[in-house]
Participant: 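Sharing a structure below in structure tokens format, with a few things to ask.
FYI, the numbering just counts along the sequence from 1.
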Amino acid sequence: NGRTGTLIAAGDTEALAAALGGFIENPAAFREMARGARETVERRFSLASMAAAYEALYRSVCAERGVG
């Protein structure tokens, strides 16, 4: 919360309005959070990251079973 986005409780329309108002009043903070969110997604969920995670899982299963 506050680093890559803003958490709002479900149904809390006043908090949502306040958060959106804060973004309107401080667009630089909004852009910084958006940049951080994009970097997190690219780092954790890119094709390369997913392939590396699958490879690591495959290697660990092979090692556990003595295969390879």
Participant: Residues sharing Met50's hydrophobic cluster, by side-chain heavy-atom contacts under 4.5 Å among ILVMFWY, directly or via others?
Facilitator: Leu47, Tyr54
Participant: Test: side chain to side chain donor-acceptor pair (under 3.5 Å). Region: residues 4-23. Which pairs qualify, not counting sequence neighbours?
Facilitator: none
Participant: Show the atom names and distances, to 0.1 Å, of all donor-acceptor pairs under 3.5 Å that link a side chain in residues 17-30 to residues at least two apart or in another chain.
Facilitator:
from: Asn26; atom 1: OD1; to: Ala29; atom 2: N; distance (Å): 3.3

Participant: Salt bridge (Lys or Arg N to Asp or Glu O under 4.0 Å): which pairs involve residues 54-63, sequence neighbours left out?
Facilitator: Glu55-Arg59
Participant: Mind listing the closest non-hydrogen atom pair of Gly5 and Met33 along with its distance?
Facilitator: O-SD, 3.3 Å
Participant: Of all residues at least two apart in sequence or in a different chain, which pass the side chain to side chain donor-acceptor pair (under 3.5 Å) check with Thr40?
Facilitator: none
Participant: Quick one: list whatever passes side chain to side chain contact (heavy atoms under 4.5 Å, CB included) with Arg38, sequence neighbours left out.
Facilitator: Glu42
